[in-house]
2 protein chains.
Amino acid sequence: MNYSKQREIILRILKENPIHPTADTLYDLVRDELPNVSLATVYRNLNQLAELGMIRKICALDDKVHFDHNLESHYHFICIKCKKVYDVPYDVAPNITEALREHTGLDALAADVLFKGICNHCKH
Amino acid sequence: MNYSKQREIILRILKENPIHPTADTLYDLVRDELPNVSLATVYRNLNQLAELGMIRKICALDDKVHFDHNLESHYHFICIKCKKVYDVPYDVAPNITEALREHTGLDALAADVLFKGICNHCKH
DNA sequence: ATAAAAATGATAATGATTACTATTGTTGAA
DNA sequence: TTCAACAATAGTAATCATTATCATTTTTAT
């Protein structure tokens, strides 16, 4: 994978933002710095970075894919009103992959936990 | 919601099948009994039934939505090779909604857990 | 400096899902 | 039972997120 300014900026902006943006949202953010960037470039780079394990994809609702730069084990909470995705600490459900193996014999490569509800901001 | 033969058959076939089918797969199954059914009807009914809480949607990969007639608390395992979705018992990660509240103060209306890996069938 | 490989921007294509519309089916009351 | 109001359907067009294509530009190793 060769260097590209586009990829560097995409990754930096994703890292700066705790909002777990979609490709579309990230496209808008990147365009502030790089007005001629193509939406295809954003998708291409996000998929490449995810493929390399440098970022993660989050399948949050039934529609758009969100992206997460945080590689540590953790989970997510999506607000069904504002659609924001929040991080949830690993401690909430630790060792579930081990529990899966004990209970079912299945080996999981990944465990995605997604809570759905209304965030504190939208409650008020 | 008025009765319709289409909805009855769609729901019955979903209940008969443990495979967590997509709308597309279900469309094929329903057409065996009701050759003139429309794909739009399948989508419309699945969404209505999900809206009413009579079935559940599973956001499994980044692409298609799967449907689940099992309303009991349980989780899922998707095989990254054959794409089949298997049920995982609730015991593997019990009380995670309570754990979420204790750790974060957030109230979750739902908790979706999706393990990814290779199923025993595809391993051999 | 340069040639090969990789990445880009622009846009067309894809594929899942939803919207639209004319028609048909269901329902509850007269 | 009949009938009007309304819900649901089949068929198909439209939408929208994502991916593919391709000519051009950038990166990189020699």
Side-chain angles (χ1 to χ4, degrees), chain A residues 1-14 19-52 54-68 78 80 82-85 112 114, chain B residues 1-14 19-52 54-68 78 80 83-85 114:
Chain A
M1 189 167 68
N2 283 354
Y3 169 85
S4 84
K5 180 189 280 188
Q6 286 83 346
R7 184 180 306 118
E8 182 181 46
I9 292 177
I10 289 166
L11 187 56
R12 177 169 52 72
I13 291 182
L14 181 61
I19 60 173
H20 305 83
T22 61
D24 203 57
T25 303
L26 209 41
Y27 173 54
D28 286 339
L29 294 170
V30 172
R31 264 196 302 181
D32 290 341
E33 276 190 48
L34 215 60
N36 291 326
V37 75
S38 165
L39 179 57
T41 298
V42 173
Y43 272 104
R44 210 183 307 116
N45 278 294
L46 289 172
N47 282 332
Q48 281 181 143
L49 292 167
E51 193 72 28
L52 292 171
M54 296 174 68
I55 64 175
R56 282 167 58 183
K57 286 185 173 189
I58 308 171
C59 184
L61 290 178
D62 306 329
D63 42 10
K64 301 185 188 179
V65 174
H66 293 248
F67 293 88
D68 189 351
I78 185 164
I80 58 177
C82 68
K83 317 290 186 198
K84 280 205 192 77
V85 176
D112 292 346
L114 179 68
Chain B
M1 190 167 69
N2 284 353
Y3 169 85
S4 85
K5 180 189 278 188
Q6 286 84 347
R7 185 179 307 118
E8 181 181 46
I9 292 177
I10 289 166
L11 187 55
R12 176 170 52 71
I13 291 181
L14 181 59
I19 60 171
H20 305 83
T22 61
D24 203 59
T25 304
L26 208 41
Y27 173 55
D28 286 340
L29 293 169
V30 172
R31 264 196 302 180
D32 290 342
E33 277 190 46
L34 214 59
N36 291 328
V37 75
S38 164
L39 178 58
T41 298
V42 174
Y43 271 104
R44 207 185 311 113
N45 279 292
L46 289 171
N47 283 333
Q48 281 180 142
L49 292 168
E51 193 72 27
L52 292 172
M54 296 174 68
I55 64 174
R56 283 168 58 183
K57 287 185 172 192
I58 308 170
C59 184
L61 291 178
D62 307 329
D63 43 7
K64 300 184 189 179
V65 175
H66 293 248
F67 293 88
D68 189 351
I78 185 164
I80 58 176
K83 315 291 185 197
K84 279 205 192 76
V85 175
L114 179 68

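Below, read A as the first sequence line, B as the second, and so on, with proteins coming before strands; counting in each chain starts at 1.
Legend: salt bridge (Lys or Arg N to Asp or Glu O under 4.0 Å) pairs involving residues 35-44 of chain B, not counting sequence neighbours: none detected.
Taking the salt bridge (Lys or Arg N to Asp or Glu O under 4.0 Å) definition, one finds that B:D24 meets it with nothing, sequence neighbours left out. In terms of the salt bridge (Lys or Arg N to Asp or Glu O under 4.0 Å) criterion, residue partners of B:R12 (sequence neighbours excluded) are, by chain and number, B:E16, B:E33. Taking the side chain to side chain contact (heavy atoms under 4.5 Å, CB included) definition, one finds that B:Q48 meets it with B:M1, B:R7, B:N45, sequence neighbours left out. Not counting sequence neighbours, the partners of B:K83 by the side chain to side chain contact (heavy atoms under 4.5 Å, CB included) test are B:L61. For B:N47, the side chain to side chain contact (heavy atoms under 4.5 Å, CB included) partners two or more places apart in sequence, or in a different chain, are B:K57. Here A:L11 pairs with A:K15, A:L49, A:M54, A:I55 under the side chain to side chain contact (heavy atoms under 4.5 Å, CB included) rule; sequence neighbours left out. For B:T25, the side-chain hydrogen bond (donor to acceptor under 3.5 Å, both in side chains) partners are B:T22, not counting sequence neighbours.
With rounding to whole Å, A:K57 atom NZ is found 15 Å from D:dA17 atom P. Put simply, CG on A:N47 is 13 Å from P on C:dT8, counting in whole angstrom units. We find that CD of A:E8 is positioned 12 Å from P of C:dT8, with the value rounded to whole Å. Rounded to whole Å, the distance from OH on B:Y43 to C1' on C:dG15 is 9 Å.
Interatomic distance, CD1 of A:I58 versus CD1 of A:I78, reported as 8.5 Å (0.5 Å rounding).
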Problem set entry | Annotated protein contacts, base or backbone, on nucleotides 3-10 of chain D with a non-hydrogen cut-off under 4.0 Å, one of B, S, - each | ----SSBB

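Of the residues in residues 20-28 of chain B, not one places a heavy atom less than 4.0 Å from an atom of DNA chain C.
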Identify all side-chain donor-acceptor contacts of residues 35-43 of chain B below 3.5 Å with residues at least two apart in sequence or on another chain.
{"from": "B:S38", "atom 1": "OG", "to": "B:A40", "atom 2": "N", "distance (Å)": "3.1"}

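Five base pairs at each end of the helix from C:dA1-D:dT30 to C:dA30-D:dT1 define two local axes, and these are offset by 30° (rounded to 10°).
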